There are 2 protein chains.
Amino acid sequence: MYICHMYSSELIKGTLKTIVLNLLKNNKKMYGYEICQKVKSMTDDKIQITEGALYPTLHALEKQGDVITEKVYIGKRVRKYYTLTDQGKNTMTERVNELSDFMKTMKFLLDLDTSVQNV
Amino acid sequence: MYICHMYSSELIKGTLKTIVLNLLKNNKKMYGYEICQKVKSMTDDKIQITEGALYPTLHALEKQGDVITEKVYIGKRVRKYYTLTDQGKNTMTERVNELSDFMKTMKFLLDLDTSVQNV
DNA sequence: TCTAATACCTAATTTTCTTATGTATTAATT
DNA sequence: AATTAATACATAAGAAAATTAGGTATTAGA
């Protein structure tokens, strides 16, 4: 039995934007720190997005028009909420489809589809 | 319907070593150029490993003892065949299991497991 | 004879992440 | 009350892994 504690960083590379965009679809509106925690808890600590990776990614998404931001003050502490734009929804759909397709291809390539049914 | 012609390069990042190690499992003995062609044909041109990425990867695998090489001359042209070592077989198993596990996690994270049965 | 395919290789650059560092507020612990 | 941990943002230096572009040489095909 294979027990995995945390994925090697190479694997996660390239999927960060897709993860973020997809979370924004499901949760409508999130802030950076929340995204880190959410991914960590949803994956049983297997995927831990570092803040050094996340914030530049969020800024890039904003710059290219896939998300818009709004600042909310909780007392004196600021939160920056991110929301998908219409363009961002398209980007999200494309990215998620592509990743889904990629995983099917990888499954085939690595001979992992041992099941009988194959849609 | 989503039609994918070729995956964006970010996705493939981090999976190259795993792909190579796995191909060597199934095919026993392969040379670099052959690996490129095999991956290309098996994935309907969706994954095209560039030689600039492959050769350094193969050299790294050799350096860390996961593969051994033998040169074979076809006329005057040389082919460098790569074979998994025992250590390489272990590495391969680990890598493939990790990637398989990672894809399950991503499926869950991206809410892609809509099927009823869930092994 | 010229081009395409086969077969290897490396180097400069780019992208993307890690690691480290920084600021500041608020909650929890001692 | 004071210290630590958690919350919440951010950037910058460096590393890793790919792309892009270049190089050499042989062989097959047009």
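Values below: every heavy atom of this structure, side chains too, minus hydrogens, waters and symmetry copies. Lettering of chains follows the sequences in order, A, B, ..., and the numbering in each one begins at 1. Model, not experiment: these values are computed from the prediction.
Looking at heavy atoms from C-beta onward, A:V96 lies out of side-chain contact with A:L21 at the 4.5 angstrom threshold. By the 4.5 Å heavy-atom criterion applied to side chains, A:T43 and B:L109 are counted as neighbours.
The backbone N or O of A:K89 lies less than 3.5 Å from a partner atom in the side chain of A:T93, making a donor-acceptor pair.
One can place NZ of A:K13 at 17 Å from P of C:dT14, the figure rounded to the nearest angstrom. In this entry the distance linking CD of B:Q37 with C1' of C:dA7 reads 10 Å, nearest Å. Put simply, CG on B:L54 is 12 Å from C1' on C:dA7, counting in whole angstrom units. Separating the CG atom of B:L11 from the C1' atom of D:dA17 is a distance of 15 Å, rounded to the nearest angstrom. Between A:Y73 atom OH and C:dA24 atom C1' the separation is 12 Å, expressed in whole Å. Put simply, NZ on B:K71 is 21 Å from P on C:dT6, counting in whole angstrom units. A straight line from OH of B:Y55 to C1' of D:dT20 spans 16 Å, rounded to a whole angstrom. The CD1-C1' distance, from B:I49 to C:dA7, rounds to 16 Å in whole Å.
Hydrophobic cluster membership of B:Y73, counting Ile, Leu, Val, Met, Phe, Trp and Tyr whose side-chain heavy atoms lie under 4.5 Å apart directly or via other members: B:V78. Grouped by direct or indirect side-chain proximity (heavy atoms under 4.5 Å, Ile/Leu/Val/Met/Phe/Trp/Tyr only), B:I68 sits alone.
Note on residues 50-60 of chain B: no pairs pass side chain to side chain donor-acceptor pair (under 3.5 Å), not counting sequence neighbours.
Every residue two or more places apart in sequence or in another chain was checked for a side-chain hydrogen bond (donor to acceptor under 3.5 Å, both in side chains) with B:Q37, and none qualifies.
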*Could you go step by step and tell me if B:D111 and A:K25 meet the salt bridge (Lys or Arg N to Asp or Glu O under 4.0 Å) rule?*
CA-CA 11 Å; B:D111 201 24; A:K25 170 188 74 176; 5.5 Å; no
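In summary, A:D66 and A:K17 do not engage in a salt bridge, as defined by a charged side-chain N under 4.0 Å from a carboxylate O.
The listed nucleotides are D:dA18, C:dT10, C:dC17; the one nearest the side chain of B:T57 is D:dA18. Each of C:dC17, C:dC8, C:dT10 was ranked by its minimum atom distance to the side chain of B:Y31; first place goes to C:dC8. Residue A:T50 places its side chain closer to C:dT19 than to any other of D:dT11, D:dC9, C:dT19. With C:dT16, C:dA5, C:dC17 as the choices, the nucleotide that has an atom nearest any side-chain atom of A:A53 turns out to be C:dC17.
Both A:E51 and A:T15 lie close to DNA chain C; mapped to their nearest nucleotides by heavy-atom distance, the more 5′-ward contact belongs to A:T15.
End-to-end axis angle of the helix from C:dT1-D:dA30 to C:dT30-D:dA1, using five pairs per end and rounding to 10°, comes to 20°.
Using a 4.0 Å heavy-atom cutoff across all strands shown, B:G32 reaches sugar-phosphate atoms only and no base atom.
Interface residues of residues 74-84 of chain B facing DNA chain C, ordered by number: B:R77, B:V78, B:R79, B:K80; criterion, heavy-atom separation under 4.0 Å.
Annotation: cation-pi geometry satisfied between B:K29 and B:Y81 (NZ/CZ under 6.0 angstrom from ring centroid, within 45° of ring axis).
The side chain of A:H59 contributes an N or O atom lying less than 4.0 Å from OP1 or OP2 of D:dT11.
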